[in-house]
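Chain letters run A, B, ... following the sequence lines, proteins first and then strands; every chain starts at 1.
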Amino acid sequence: MKKWFVLHRKEWLEMTLNYKIIWIPLIFVLFGLMQPITSYYMPEILKNASNLPEGSIIQIPMPTSGEVLTQTMGQFNQIGVLVLVLAFMGIVSSERRSGMIKAILVKPVSYPSYITSKWMSVVLLSAGSVFLGMLASWYYTVLLIGDFPFIDMVKGTLIYFIWILFIVTFTVFLSSFLKSSGFVAAFTLVLSILLSLLTSLFEKWMEWSPAQLTNAAASLFMAGDIEGPLLLPLITTVILTALFLYLATSRKSSV
Amino acid sequence: MNFNFEINWALLAPLIVIQAILLIIALFDLVKTEKTNGPKWMWVLIVLLIATFGPILYFVIGKKRD
């Protein structure tokens, strides 16, 4: 266990040295703040930007607080997931390529603890980023748009984070198997887009899909309670996450 | 474009600060690092000229991973 913490600390040191610890949360906070601000100024921007004839009236209803938070989550699902996947695609594969992994594993360190220490650092950093981003978004939404219960924001973010957890675990899993970081990013992004797309297209057959968690969080933000499946996607996502983590730790050959 | 509405700068200040921090870290890292993906001057221009996305682009694809 002590060795595991040494490895874990090494991960944090590395993330500090390449500034991931600063720029990843900052990007989430930036996009979290941007969404309520854009919604707030949108009527004025449209009034000024469009070349409408004098006197024409455009009515744009101000979105509700829940809608703004849902839009923030949508931003995180696109730019946020992209940033996380690209930031962590090389977490194992680049060490494998540079030979660093050999230097670490000649020490009395087991391969599973090597992988899980990395996985834990990735999970903690992405959890911190997503929560900070949603918190920033919630704060500005309450200031600019209207009140929204804090506890609902926390609940929705928790549900949404399980989906992010699944995505980053899949990134670590692929990174431990593939040599090229580029393929890791490409496959993970394709999986996340396909899952989201299929889930919205075939809602009936995709009730188990991890992407349903985003819908559940969205309905919590918009309606105040969860309509549609929650338990089933939660169970499949947790099982799949555990499975991918297990598979990632079980590769011992050709280190 | 002619904006005829008041912009509340206190509201936008956090956004500007965050973008400034990202820009400074990216430039600092660019100075320290030896090799980038593609020419270094190109990344300096990207970081400086493309708001918000310049530093992000540099962090995710500009840094050379050995």
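The residues A:Lys20 and A:Glu14 are annotated as not salt-bridged, no charged nitrogen and carboxylate oxygen being separated by less than 4.0 angstrom.
The residue among A:Leu26, A:Ile37, A:Ile22 with the most heavy atom pairs within less than 4.5 Å of chain B is A:Leu26. The candidate with the highest count of non-hydrogen atom pairs below 4.5 Å against chain B, out of A:Leu144, A:Leu82, A:Ile24, is A:Leu144.
Side-chain rings of A:Phe76 and A:Phe28 approach one another, their centers coming within less than 6.0 Å.
At a cut-off of 3.5 Å, with distance as the only test, no side-chain donor of A:Gln35 or A:Ser137 sits close to an acceptor on the other residue. Side-chain N/O atoms of A:Ser121 and A:Trp12 include no donor and acceptor closer than 3.5 Å.
In this structure, chain B has heavy atoms under 4.5 Å from both the backbone and the side chain of A:Met34. If you measure heavy-atom distances from B:Phe53 to chain A, the contacts under 4.5 Å come from the side chain alone. No part of A:Leu143 comes within reach of chain B, as not one of its non-hydrogen atoms sits under 4.5 angstrom from that chain.
Counted within 6.0 Å of OH on A:Tyr40, heavy atoms from surrounding residues, nucleotides or ligands total 12 or fewer; the atom is thus considered open.
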